[in-house]
Amino acid sequence: MHKEQHLLALSDHTREQLLQWIERARVLKNDTKCRPLAGKIACLIFEKASTRTRVSFETAMYALGGQVVFQTKQDSHLGRGEPLKDMARVLSRYADALVVRTFGQEVVEELARYAGVPVINALTDRFHPCQILSDLLTVTEKKGALDKLDFAWIGDGNNMANTWIEAAAIFGFNLRLACPQGYAPDGEVLQWAMDRAPGRIRLMRDPVEAVKAADVINVDVWASMGQEEEQQRRALHFRDYQVNAALMSQAEKDAIVLHCLPAHRGEEISEEVLEGPQSVAFDQAENKKHLHKAILEYFILKTAV
């Protein structure tokens with residue numbers, strides 16, 4: 001199967017295709033009777049723990065009439081020595097899609113190389129495409145056309161930042177990323193995006209500069225899963241990168257704030273902002289389910305044809 005038959009990264013797909021998924025998610029959000037995946041099975045293989053991503057994929061599959069098999073690292077052979085190519089070929093005989101949440105991007109890429117069914121990246125350390133697509137659904141609901149907006153990213157240059165960079169290059173919106181020294185996004189991803197969309201993406205240190213005139217402000221935890229031992233050191237480096245009322249005063253008055261959750265209130269975002277009228281974090285969380293419906297429907301039915 002070719003890369004476009006999987007969802008491993010946004011950059012494997014065209015702008016038109018990504019927009020189709022966002023629009024389909026909007027339709028499915030209001031259609032509670034659609035059951036196109038009756039008799040289909042999605043296998044969720046989660047090496048990393050999850051609340052929102054797991055439950056949103058499971059409820060999305062159930063809502064479309066399908067079924068789910070869930071496996072953790074302990075349940076599967078993902079971390080126990082079985083070659084990924086064997087695992088991919090066996091599970092492809094049991095399920096209609098593999099939804100994988102793991103550490104290395106190379107894991108989902110190898111599974112996709114050998115699987116006979118679609119592989120959907122539910123998070124790796126490099127990319128989080130399903131999250132960003134659901135975030136973009138939320139933004140279009142609140143703010144309209146993406147290419148008319150200015151986005152700001154505040155904090156760690158992590159998998160979320162990398163995927164926002166891809167999105168900016170694909171959709172043509174302005175993106176300013178404020179990251180502390182030593183915490184920049186992936187250099188290869190950044191270069192790819194800057195080459196594709198010159199002048200659209202800027203990396204800087206100052207969060208105030210990043211949010212000036214911003215319509216959408218995005219923030220994530222300072223220490224992602226697997227980086228817990230770095231928490232205290234990161235707290236020192238990121239202490240000037242909190243999204244709070246003072247920082248929000250520099251953005252557009254009607255700017256919205258995104259946070260993919262879970263949030264560490266009082267660290268990367270203040271309680272006041274997260275619970276305030278500009279926060280759309282809980283709309284984001286809901287939209288994961290609807291975007292995942294669109295993704296599962298598209299890839300499972302396309303493969304079945």
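What you are looking at is a predicted structure, and each value in this text was computed from that prediction instead of being measured.
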**Q** Any side-chain donor-acceptor pair under 3.5 Å between Asn287 and Glu141?
**A** yes

**Q** List the atom of Ala294, the atom of Trp21, and the distance in Å for their closest heavy-atom pair.
**A** CB-O, 3.5 Å

**Q** Students often mix this up, so state it plainly: with edges at 30° and 60°, are the rings of Phe171 and Phe173 parallel, tilted or perpendicular?
**A** parallel

**Q** Asn159 and Thr124: which non-hydrogen atoms are nearest, and at how many Å?
**A**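 Residues Asn159 and Thr124, closest heavy atoms: ND2-O, 2.8 Å.
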
**Q** Identify whether Leu175 and Leu137 are in the same connected component of the hydrophobic contact network (ILVMFWY, side-chain heavy atoms under 4.5 Å).
**A**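 As far as the 4.5 Å side-chain criterion goes, Leu137 and Leu175 are connected within one cluster.
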
**Q** Scan residues 144-155 for pairs that pass side-chain hydrogen bond (donor to acceptor under 3.5 Å, both in side chains), counting only residues two or more places apart or in two chains.
**A**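 Qualifying pairs, neighbours excluded: Asp150-Asn174.
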
**Q** Does the distance from a Lys or Arg side-chain N to an Asp or Glu carboxylate O, for Glu58 and Arg54, drop under 4.0 Å?
**A**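 Looking at Glu58 and Arg54, the cut-off is met.
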
**Q** Kindly determine whether Arg126 and Glu188 satisfy salt bridge (Lys or Arg N to Asp or Glu O under 4.0 Å), including the steps that lead there.
**A** CA-CA 11 Å; Arg126 195 176 199 201; Glu188 184 179 356; 3.2 Å; yes

**Q** Heavy atoms only: give me the nearest Pro207-Ala178 pair and the separation to one decimal.
**A** CA-CB, 3.6 Å

**Q** Does the side chain to side chain contact (heavy atoms under 4.5 Å, CB included) test come out yes or no for Asp156 and Asp220, once each step is laid out?
**A** CA-CA 7 Å; Asp156 190 22; Asp220 195 6; over 6 Å; no

**Q** Find the distance between NE2 (His237) and CZ (Arg239) and round it off to the nearest 0.5 Å.
**A**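 Result: 8.0 Å between the selected atoms.
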
**Q** Going by an N to O cut-off under 4.0 Å, is there a salt bridge joining Lys288 and Asp135?
**A**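 No, no charged N to carboxylate O under 4.0 Å.
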
**Q** State the CG-OG1 distance between Asp186 and Thr163, to the nearest 0.5 angstrom.
**A**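 OG1 of Thr163 is found 10.0 Å from CG of Asp186.
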
**Q** Working to the nearest 0.5 angstrom, can you tell me the gap between Glu272 CD and Gln278 CD?
**A**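 It is 10.0 Å, given to the nearest 0.5 Å.
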
**Q** With side chain to side chain contact (heavy atoms under 4.5 Å, CB included) as the test, would you mind laying out the steps for Gln232 and Leu236 before giving the verdict?
**A** CA-CA 7 Å; Gln232 289 187 336; Leu236 291 173; over 6 Å; no

**Q** Side-chain heavy atoms nearer than 4.5 Å, only ILVMFWY residues, links allowed to pass through others: does that put Leu133 and Val27 together?
**A** no

**Q** Can you find a side-chain donor-acceptor pair between Glu166 and Asn162 that sits under 3.5 Å?
**A** no

**Q** Any idea how His13 and Phe299 line up, ring-wise: parallel (<30°), tilted (30 to 60°), or perpendicular (>60°)?
**A**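 Ring orientation of His13 relative to Phe299: perpendicular.
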
**Q** State, yes or no, whether a side-chain contact exists between Arg205 and Gln181 at a heavy-atom distance under 4.5 Å.
**A** yes

**Q** Of all heavy-atom pairs between Cys130 and Leu291, which one has the smallest distance, and what is that distance?
**A** O-CD1, 3.9 Å

**Q** Going through the distances and angles, do Tyr298 and Gln17 end up as a side chain to side chain donor-acceptor pair (under 3.5 Å)?
**A** CA-CA 10 Å; Tyr298 174 86; Gln17 181 62 79; 3.1 Å; yes

**Q** Is Glu297 salt-bridged to Lys302, going by a charged N under 4.0 Å from an acidic O?
**A** no

**Q** For a side chain to side chain contact (heavy atoms under 4.5 Å, CB included) check, start with the C-alpha distance between Val280 and Lys142, then their side-chain angles and the critical distance, and finish with the verdict.
**A** CA-CA 9 Å; Val280 298; Lys142 304 295 183 182; 4.0 Å; yes

**Q** Does Thr53 form a side chain to side chain contact (heavy atoms under 4.5 Å, CB included) with Arg101? I'd like the steps, not just the answer.
**A** CA-CA 9 Å; Thr53 301; Arg101 182 178 175 96; 3.2 Å; yes

**Q** Determine the minimum heavy-atom distance between Pro185 and Leu203, stating which atoms define it.
**A**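 Answer, listing the atom of Pro185 first, then Leu203: CD-CD1, 3.8 Å.
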
**Q** Out of curiosity, Leu136 CG to Ile22 CD1, how far, rounded to the nearest 0.5 Å?
**A** 5.0 Å

**Q** Which word best sums up how the rings of Trp164 and Phe151 line up, parallel for under 30°, tilted for 30 to 60°, or perpendicular for over 60°?
**A** tilted

**Q** Report the distance from atom SG of Cys43 to atom OH of Tyr94, rounding to the nearest 0.5 Å.
**A** 10.5 Å

**Q** Within this structure, what is the CZ-NE2 distance for the pair Arg52 and His292, rounded to the nearest 0.5 Å?
**A**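 It comes to 12.0 Å.
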
**Q** Please list, one pair per line, the donor and acceptor atoms closer than 3.5 Å that link side chains of residues 257-266 to other protein atoms, with sequence neighbours excluded.
**A**
{"residue": "His259", "atom": "ND1", "partner": "Leu261", "partner atom": "N", "Å": "2.9"}
{"residue": "His259", "atom": "NE2", "partner": "Glu268", "partner atom": "OE2", "Å": "2.7"}
{"residue": "His264", "atom": "ND1", "partner": "Glu267", "partner atom": "OE1", "Å": "3.4"}
{"residue": "Arg265", "atom": "NH1", "partner": "Glu271", "partner atom": "OE1", "Å": "3.0"}
{"residue": "Arg265", "atom": "NH1", "partner": "Glu271", "partner atom": "OE2", "Å": "3.3"}
{"residue": "Arg265", "atom": "NH1", "partner": "Glu275", "partner atom": "OE2", "Å": "2.7"}
{"residue": "Arg265", "atom": "NH2", "partner": "Glu275", "partner atom": "OE2", "Å": "3.2"}

